[in-house]
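This report refers to the structure that appears directly beneath it.
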Amino acid sequence: MTRTKYKRVILKLSGEALMGDKSYGIDPHVIHLIAGELKEIASSGVQIAVVIGGGNIFRGIDASAKGIERTSADYMGMLATVLNALAIQNALERLGVATRVQTAIEMKELAEPYIRRKAVRHLEKGRIVIFAGGTGNPFFTTDTAAALRAMEIGAQVILKATKVDGVYSSDPMKDSAAKKFSEIKYIDVLKRGLHVMDSTAISLCMDNNLPIVVFSLKKKGNIKKIIEGKKIGTLIRG
Ligand code: GTP
């Protein structure tokens, strides 16, 4: 096994990360690339669990703004994450990587239900575990699911993949004076209202001292570099 900074990680992928340049759905080429990176990391002995969003298919919050009742909209969003999880599982297994999907809402015919001890055993056996269905509860985001699952399985870090390469003082897409942080404290993310993860997820990580690395998925090899201990993106810590 290669020496790495982290041995067990949670990778949080937004649904949008799977869209590539499309405006909706899943780009098979993009998931193939992600799967390739994960295969390489897993083969070095690092245990990887993936929490996947669903915004490329259905966004609960947007739908609720358009008149669908919030709880229903959130459940619809959870189902979208299951579609993405199956797509990632398929891409990984095509590359010969052993995986298990576990869902927060039971749907036994298509995946295992979430069982913490089973998830940990899968990781120990070198399987990539994909957590689908968020926390299984409306009003919670998949970022919060990532924080919760990370705590439960004893992950050492959350790798939060985004479109930008870290946390900025303001939106770098809109403000050319936006400054990137190499490190920032949880409390400052909350105080400044930086929209990197929702406040529930940040608070959960803060209370349990779980570091988060925010980075861009667009640059190939970033996940591996972070796991090896290189300073990529922004580290959020206490
Ligand atoms: P160990 O034998 O404990 O290492 O794990 P395993 O996952 O290989 O064993 P198990 O016999 O539990 O699972 C065999 C296969 O069935 C795996 O592909 C699992 O993902 C799948 N599986 C297990 N439980 C369920 C379930 O509740 N629903 C579905 N759809 N598949 C399941």
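When a ligand or atom number is given, it counts from 1 through the structure's own listing order. As the structure is a prediction and not an experimental result, all values here were calculated from the model.
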Donor-acceptor pair, side chain of Lys5 and main chain of Ile226, under 3.5 angstrom: no
Ile202-Phe140 co-clustered via ILVMFWY side chain contacts under 4.5 Å: no
Identity and separation of the nearest protein heavy atom to atom 24 (N) of ligand 1: Glu112 CG, 3.3 Å
Against the six-membered ring of Tyr114, is Arg149 placed for a cation-pi contact (under 6.0 Å from the centre, within 45° of the normal)? yes
Proximal ligand 1 atoms for Pro113, defined as those under 4.0 Å from one of its heavy atoms: 27 (O)
Indicate, as side chain, backbone, both or neither, the part of Glu109 found under 4.0 angstrom from ligand 1 when only non-hydrogen atoms are considered. backbone
Does an N or O anywhere in Ala111 fall below 3.5 Å from an N or O of ligand 1? yes
Ligand 1 versus Leu110: contacting region, heavy-atom distance under 4.0 Å: backbone
Does either side chain, that of Thr99 or that of Gln89, offer a donor lying less than 3.5 Å from an acceptor on the other one? yes
Does either side chain, that of Asp198 or that of Thr144, offer a donor lying less than 3.5 Å from an acceptor on the other one? yes
Heavy-atom distance under 4.5 Å between the side chains of Lys231 and Glu183, does that happen here? yes
Under 4.0 angstrom from atom 17 (C) of ligand 1, is there any protein heavy atom? yes
Pick one: which of Ile48, Ile128, Leu38 meets side chain to side chain contact (heavy atoms under 4.5 Å, CB included) with Val97? Ile128
Can you find a protein heavy atom under 4.0 Å from atom 27 (O) of ligand 1? yes
At a 4.0 Å threshold, what atoms of ligand 1 neighbour a non-hydrogen atom of Lys118? 12 (O)
Where the closest heavy atom to atom 2 (O) of ligand 1 is concerned, which of Glu124, Lys125, Arg121 has it? Lys125
Give a yes or no on whether atom 13 (O) of ligand 1 lies under 4.0 Å from any heavy atom of the protein. no
Is Lys108 touching ligand 1 with its side chain, its backbone, both, or neither, if touching means heavy atoms under 4.0 Å apart? both
Honestly, for Arg127 the part within reach of ligand 1 (heavy atoms, under 4.0 Å) is side chain
Is it true that the side chains of Lys163 and Ser216 contain a donor and an acceptor less than 3.5 Å apart? no
Are Glu69 and Ser72 close enough that a side-chain donor and a side-chain acceptor fall under 3.5 Å? yes
So which heavy atom in the protein is nearest atom 8 (O) of ligand 1, and how far is it from that ligand atom? Arg100 NH2, 2.7 Å
